[in-house]
Amino acid sequence: MKKNDYLFAVASVRALENSLLKQSDLEQLINAEDYNKAALLLSEKGYEIKGTDYSVALDGELEKTWDYLVKAAPEAEALKAFIVKNDFQNLKARCF
């Protein structure tokens, strides 16, 4: 792997970190009075909320993030180890 490829990938991901939800944003979501307030908070942060389940929007963001990482990473195969934990947790949640 070229050093420049790695540097670009890291810098690119770091630049996008500024758009992530911060601790204060999460606290506001937790303390939201109802779904509409929580959806409004998320839409103010740039998330597109459709329907009555904002978890769909967050899942979509997770998928977009993963797709971006795979495209930006010089060796995307190395990232597959990170999804095992999530897949295992999702499998447990569906079984129980």
Please enumerate all residues that pass side-chain hydrogen bond (donor to acceptor under 3.5 Å, both in side chains) together with Lys64, with sequence neighbours excluded. Glu61
With a 6.0 Å cut-off (strictly less than), is the heavy-atom count around CD of Glu17, excluding the residue itself, greater than 12? yes
Applying side chain to side chain contact (heavy atoms under 4.5 Å, CB included) to Glu44 and not counting sequence neighbours gives Leu40, Leu41
Smallest heavy-atom separation, Ala38 atom then Ala32 atom, equals N-CB, 3.8 Å
Please tell me if the side chains of Leu42 and Leu21 come closer than 4.5 Å, counting only heavy atoms from C-beta onward. yes
For Lys45, side-chain hydrogen bond (donor to acceptor under 3.5 Å, both in side chains) partners two or more places apart: Asp25
Quick note, salt bridge (charged side-chain N to carboxylate O under 4.0 Å, His left out) partners involving residues 32-42, not counting sequence neighbours, are none
